[in-house]
Student: 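This is the structure, below, for whatever I ask next.
For ligands, and for the atoms within them, numbers begin at 1 and follow the listed sequence.
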Amino acid sequence: MDTGKQQILSLLQQVADPEVPVLSVIDLGIVRDIKLFTTPLGEEGIEVFITPTYSGCPAMDVISMEIKMLLLEYGFKKVIVTNILSPAWTTDWMSEAGKEKLKAFGIAPPHPMRSVCDTELFAKEEAIQCPHCQGYNTRLISQFGSTACKALYQCNDCQEPFDYFKCH
Ligand SMILES: [Zn+2]
């Protein structure tokens with residue numbers, strides 16, 4: 001097998017975030033590095049370094065498992081998934097394509113103007129764009145949406161509730 005990193009990265013596009021199935025781990029920007037190695041038995045191995053989007057996110061275990069299964073199926077004899085906790089993931093790592101996909105899925109993407117996320121900023125209820133009518137006249141309903149990684153918003157214009165992918 002003669003596999004380049006780029007090939008592996010495009011393969012990993014198949015691994016979706018179980019909470020937001022339209023987003024792959026590549027869209028999320030959580031795959032930080034890939035290392036190919038040879039095991040003492042001369043077999044091909046791969047180590048994938050990922051940074052969790054959210055420390056308490058149970059989705060991360062599912063993602064690790066899916067990466068392992070996919071690469072084993074692809075032919076690697078040994079697959080290691082290593083979590084890198086520092087630097088912490090930020091929504092800036094999400095690809096532009098990923099943000100567009102979120103919107104199409106009906107989830108407001110992370111605020112494009114925000115470069116540093118902190119809870120204080122979030123508490124100010126910064127204008128979040130409604131993914132349905134594109135209006136900014138929205139309000140926070142709950143800090144926790146359908147999952148802990150999302151907040152629930154409602155649009156004052158079209159009255160549609162929607163999830164906002166939280167900054168953390
Ligand atoms: Zn709306």
Side-chain angles (χ1 to χ4, degrees), residues 6-34 48-71 81 83-168:
Q6 212 48 47
Q7 224 172 322
I8 298 299
L9 287 174
S10 50
L11 189 70
L12 291 177
Q13 285 279 8
Q14 292 175 33
V15 179
D17 179 347
E19 294 188 345
V20 190
V22 290
L23 288 184
S24 74
V25 291
I26 303 299
D27 292 327
L28 280 168
I30 62 173
V31 176
R32 305 314 295 165
D33 201 9
I34 287 168
V48 180
F49 297 86
I50 60 174
T51 295
T53 52
Y54 188 66
S55 52
C57 214
M60 294 309 295
D61 294 336
V62 179
I63 287 172
S64 298
M65 190 56 70
E66 287 195 355
I67 289 175
K68 273 184 200 165
M69 278 163 47
L70 180 73
L71 293 173
V81 177
N83 285 337
I84 301 180
L85 299 176
S86 175
W89 179 85
T90 89
T91 42
D92 288 347
W93 293 1
M94 195 181 284
S95 70
E96 285 309 311
K99 288 175 187 168
E100 283 309 309
K101 283 188 212 172
L102 261 188
K103 215 159 137 181
F105 193 60
I107 297 175
H111 198 284
M113 302 308 286
R114 188 185 291 161
S115 54
V116 179
C117 294
D118 65 50
T119 48
E120 220 176 320
L121 264 177
F122 192 74
K124 281 180 194 154
E125 293 191 33
E126 196 172 339
I128 305 297
Q129 191 178 21
C130 168
H132 303 289
C133 70
Q134 321 302 326
Y136 281 95
N137 187 12
T138 57
R139 67 181 188 280
L140 177 68
I141 302 284
S142 164
Q143 285 283 9
F144 296 96
S146 54
T147 71
C149 309
K150 286 171 260 170
L152 185 64
Y153 273 75
Q154 188 169 15
C155 179
N156 293 326
D157 292 334
C158 70
Q159 302 302 325
E160 287 290 331
F162 62 92
D163 277 332
Y164 170 64
F165 200 97
K166 256 197 251 184
C167 277
H168 27 244

Student: With the Zn ion (ligand 1) at the centre, find the angle made by SG from C158 and SG from C130, to 10°.
Tutor: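 Taking the Zn ion (ligand 1) as the apex, the two atoms subtend 110°.
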Student: Verify the distance test for H132 against the Zn ion (ligand 1): any N/O/S atom under 2.8 Å, yes or no.
Tutor: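 Of the N, O and S atoms in H132, none lies under 2.8 Å from the Zn ion (ligand 1), which means no.
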Student: To check your reading of the site, what angle at the Zn ion (ligand 1) do SG of C133 and SG of C155 form, to 10°?
Tutor: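 Output for this angle: 110°, rounded to tens.
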Student: Within a radius of less than 6.0 Å around CD of Q159, do more than 12 heavy atoms belonging to other residues, nucleotides or ligands occur?
Tutor: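 Enclosed: over 12 neighbouring heavy atoms sit under 6.0 Å from CD of Q159.
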Student: What is the distance from atom OH of Y164 to atom NZ of K150, rounded to the nearest 0.5 Å?
Tutor: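 The NZ atom of K150 is 13.5 Å from OH of Y164, to the nearest 0.5 Å.
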Student: Is any side-chain heavy atom of I67 closer than 4.5 Å to a side-chain heavy atom of S64?
Tutor: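 Result no, sub-4.5 Å side-chain heavy-atom pair not found.
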Student: When rounded to the nearest 0.5 angstrom, what is the spacing between NZ in K103 and CZ in F165?
Tutor: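 Atom-to-atom, K103:NZ and F165:CZ are 16.0 Å apart.
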